[in-house]
Asker: 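Next up is a structure, given as structure tokens.
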Amino acid sequence: MKKIDIVVPCYNEEEVLNVFYRETSLIVDAIEGYSFSFILVDDGSHDKTLHEMKELAKAHANVNYISFSRNFGKEAAMLAGLRYSSGDYVIIMDADLQHPPAMIPDMLKGIEEGYDCSAARRTSRKGEAPVRSFFSNLFYKLSNSLTNNRLPQDAVDYRIMTRQMVDSILTLTEVERFSRGIFNWVGYDTKWYAYENVERTLGQTKWKFSSLLKYAIDGITSFSVKPLRMVSGLGFFISAISFLYILITLIQTLVFGIDVPGYVTTLCAVLFLGGIIEVSIGILGEYIAHIYLEAKDRPVYIVKQTSIDNSKE
Ligand code: UDP
Ligand code: MG
């Protein structure tokens, strides 16, 4: 019998965890030929999430938990779950039931057909704040034009992967992780399953606009150096124009003598170039930040307690 691990990152999910377990179990228990187990990852929750996990683990032999020493973020929680997993297949899904467990039997069929991965994508974003959808679309457009890693629009972190694919993902040792990019970068054949967005009914979203923005910038700078090239390109372009302008001004001065007005031109040039220089330094800074964080090589998360002892760490 094939073993499937379900990795669930959880941050302050006390309200949903039990419902999640019940609903998901109902679905997976009906699937024949596989044994399912849960790896619940407590990402430093401040509520009773860990307590709920322990209760579930006590009551059900197929439930395990990993608990972090503080909140390290969903990326860290997913990584921990993958590292601790040992199943032939691994499912990653959210705890808030926005990733419908009812899709598991279908997604499993994709794997049985020979795909390495079955992944979900949302066909609609109904119920989502329009500003969030707008920036999300903008991110996908930007990311796809700036990186070679073409992220399928509206892909979510809900997928089943084979052991081989999970192991490949784990060979990527970067500290600043952008999983959607990594899942795509490792390659393998993915079958996509569309579903209608499900609104969160219990608990609330953990994402703030600032964290989404950071996520988007990391997503692009982790997979592409094109922004850097664009900065040098812009530099060359502006230098060329400036050179022409210098030539014209020089000739004008030599032929017609010194022309006093020029206040506006000077001001425009100074402000325009100042702005471009600031932006360029900012872009450089993003990459330096990546180098800095990777060079420190700090662990992505710290496990405080867990019910699993077969970790490969
Ligand atoms: N999550 C986490 N750590 C965090 C933020 C979120 O483990 O720092 C988990 C959260 O418990 C949930 C999943 O990641 O299971 C998705 O989070 P959320 O529902 O808040 O995001 P959204 O669905 O709004 O994108
Ligand atoms: Mg959610």
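Ligands are counted one by one from 1 in listed order, and the atoms in each one are counted from 1 as well. Sequential numbering from 1 along the given sequence is applied to the chain's residues.
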Asker: Return the minimal non-hydrogen interatomic distance between Met53 and Val41, and the atom names on each side.
Answerer: CE-C, 3.6 Å
Asker: Looking at Lys74 and Asp94, is there a salt bridge between them, counting it only when a charged N and a carboxylate O are closer than 4.0 Å?
Answerer: yes
Asker: Is any side-chain N of the basic residue among Arg177 and Asp218 closer than 4.0 Å to the acidic one's carboxylate O?
Answerer: no
Asker: When you compare the side chain of Tyr84 with that of Thr306, does any pair of heavy atoms fall below 4.5 Å?
Answerer: yes
Asker: Mind jotting down which protein residues get a heavy-atom contact under 4.0 Å with ligand 1? Chain and number order, please.
Answerer: Pro9, Cys10, Tyr11, Glu13, Asp43, Asn71, Gly73, Lys74, Asp94, Ala95, Asp96, Gln98, Arg132, Arg200, Thr205, Lys206, Trp207
Asker: For Lys48, does the NZ atom sit with more than 12 other heavy atoms under 6.0 Å from it, leaving out its own atoms?
Answerer: no
Asker: Are the side chains of Thr162 and Met165 in touch, meaning some heavy atoms are under 4.5 Å apart?
Answerer: yes
Asker: Quick one: does Ser307's side chain have a donor or acceptor within less than 3.5 Å of a partner on Tyr65's backbone?
Answerer: yes
Asker: Which word best sums up how the rings of Phe38 and Phe20 line up, parallel for under 30°, tilted for 30 to 60°, or perpendicular for over 60°?
Answerer: perpendicular
Asker: Classify the ring geometry between Phe68 and Phe72 as parallel (under 30°), tilted (30 to 60°) or perpendicular (over 60°).
Answerer: perpendicular
Asker: Check the Mg ion (ligand 2) and write out every protein N, O or S atom at under 2.8 Å, as residue and atom.
Answerer: Asp96 OD2, Gln98 OE1
